[in-house]
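What follows is a single structure, written as structure tokens, with notes after it.
One is the number of the first residue; the rest follow in order along the sequence.
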Amino acid sequence: MKDKIREFVLGMGVDDVGFAKVSDYKSPRSPKIESIFPKAQSIIVLAYKELSTCESPNMQVAMNGRLDVMEFSRSCNYKLAKFIEKELHAKAMTISVSYPLEMSHKTSGAIGDVSLRHAAVAAGLGAFGRHNLVIHPKLGTRVLFTAVLTNLEFTTDPSITDNLCIECNICVENCPGGALDEKGKTHVGKCLKNSQPYGLGADMAFRKKLVDSTSDEQKAMLIDEHYWRLYQAGFIGFQYYCFNCLKSCPIAQ
């Protein structure tokens with residue numbers, strides 16, 4: 001059955017796929033899979049190559065590339081789940097890339113309901129690098145993941161035991177926020193301040209300042225490009241303005 005699913009997934013144009021038992025998935029911060037899908041037995045993880053669009057210094061173009069991958073991956077994820085339910089007569093739940101996720105002060109909007117990085121490592125699709133991203137043996141760092149939870153039982157694919165990271169520290173040196181200075185940890189606050197400058201924090205600060213401003217100041221604020229970017233990010237979702245850790249990694253570029 002694994003081969004049947006693998007053939008279906010790769011036939012959609014997905015770059016790779018891996019399988020893991022739910023019991024082999026370990027994430028230090030995300031909730032247990034059982035709290036999402038009590039009868040889940042396996043995680044099927046799909047890997048997608050991020051295109052060279054991420055290299056563009058134009059952040060609108062770079063983000064459009066990410067949106068392209070997200071749209072394609074959502075479609076593939078749904079098709080796989082539908083295939084499992086219709087053709088294999090099992091249950092399946094989709095876990096998409098990035099969002100929605102729990103937005104609260106407790107999580108800071110930075111903890112996925114399923115950690116796709118840890119799921120990918122569990123499914124033998126890569127190993128963590130110095131940048132705390134997953135390095136795929138062929139796709140390198142420029143790879144995104146989605147997952148499908150199912151009550152079908154599969155054995156876990158062999159894990160990647162090689163150290164794929166060359167410890168060049170280019171990612172650390174190219175992080176504008178210094179979010180990778182501490183090995184083995186990404187400082188979320190420093191990262192988000194640079195990668196999502198028009199996120200929730202910026203939106204809250206803008207609204208507070210707007211309320212406390214005079215009429216003339218409010219008019220000036222509403223025609224400033226900062227507000228226009230906040231507005232766009234509000235309906236796009238998490239709009240990234242930094243892809244440095246992704247694009248600077250020399251592995252399999």
Side-chain angles (χ1 to χ4, degrees), residues 1-51 66-102 111-128 133-162 164 237-238 252:
M1 193 176 295
K2 254 189 181 184
D3 290 339
K4 192 173 184 179
I5 290 178
R6 193 181 302 276
E7 181 181 3
F8 179 83
V9 170
L10 298 180
M12 291 189 290
V14 178
D15 293 291
D16 203 357
V17 58
F19 299 79
K21 290 182 178 180
V22 166
S23 58
D24 290 330
Y25 161 80
K26 310 293 182 185
S27 175
R29 303 182 70 190
S30 297
K32 292 184 179 297
I33 297 293
E34 292 82 353
S35 69
I36 299 168
F37 185 178
K39 294 184 178 180
Q41 297 294 321
S42 305
I43 309 174
I44 305 171
V45 184
L46 286 63
Y48 311 83
K49 174 73 172 177
E50 181 105 53
L51 300 179
R66 171 59 61 89
L67 291 173
D68 288 342
V69 180
M70 290 174 66
E71 183 176 346
F72 176 66
S73 68
R74 280 183 175 273
S75 174
C76 294
N77 229 30
Y78 174 77
K79 289 176 181 177
L80 172 59
K82 187 174 181 180
F83 175 79
I84 289 172
E85 296 211 336
K86 183 179 180 180
E87 302 296 333
L88 304 181
H89 311 293
K91 290 186 178 294
M93 293 187 184
T94 57
I95 305 296
S96 299
V97 64
S98 208
Y99 53 82
L101 74 170
E102 182 186 346
I111 301 176
D113 296 295
V114 174
S115 171
L116 291 166
R117 292 178 303 139
H118 289 87
V121 171
L125 291 177
F128 284 105
L133 300 175
V134 175
I135 302 176
H136 185 280
K138 293 183 179 179
L139 305 176
T141 297
R142 298 185 185 185
V143 58
L144 298 179
F145 303 99
T146 61
V148 171
L149 310 179
T150 178
N151 60 343
L152 292 171
E153 292 190 47
F154 295 110
T155 57
T156 298
D157 286 346
S159 60
I160 302 294
T161 56
D162 294 337
L164 302 177
F238 298 156

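Remark: the backbone N or O of Asp113 is not paired with any side-chain donor or acceptor of Glu102 at under 3.5 angstrom. A donor-acceptor distance shorter than 3.5 angstrom exists from the side chain of Asn77 to the backbone of Ile95, with no hydrogens or angles considered. Under a 3.5 Å cut-off, the side chain of Thr156 and the backbone N or O of Lys21 do form a donor-acceptor pair. Although no hydrogens or angles enter the test, the distance criterion places no donor-acceptor pair under 3.5 Å between the side chain of Ser27 and the main chain of His118. With Tyr48 contributing its side chain and Met70 its backbone, the two residues share no donor-acceptor pair below 3.5 Å. The backbone N or O of Gly112 sits less than 3.5 Å from a side-chain atom of Ser30, completing a donor-acceptor pair. At distances below 3.5 Å, at least one donor-acceptor pair connects side-chain atoms of Lys2 with backbone N or O atoms of Thr155.
Across all their heavy atoms, Val134 and Val143 have their closest contact at O-CG1, 3.8 Å. Pairing each heavy atom of Ile44 with each of Leu46, the nearest pair is O-CD1, 3.9 Å. Across all non-hydrogen atoms, the minimal contact from Ser96 to Leu116 is O-CD1, 3.6 Å.
Taking the six-membered ring where tryptophan is involved, the planes of Tyr99 and Phe238 are perpendicular, since the angle between them exceeds 60° and thus also 30°.
Here the CG-CZ distance, from Leu152 to Phe19, works out to 9.5 Å after rounding to the nearest 0.5 Å.
Within 6.0 Å of CD in Glu71 there are 12 or fewer heavy atoms belonging to other residues, nucleotides or ligands.
For the pair Thr146/Arg74, no side-chain contact is recorded, criterion being any heavy-atom separation below 4.5 Å from C-beta on. Annotation: side chain of Lys91 is in contact with side chain of Phe37 (closest heavy-atom distance under 4.5 Å).
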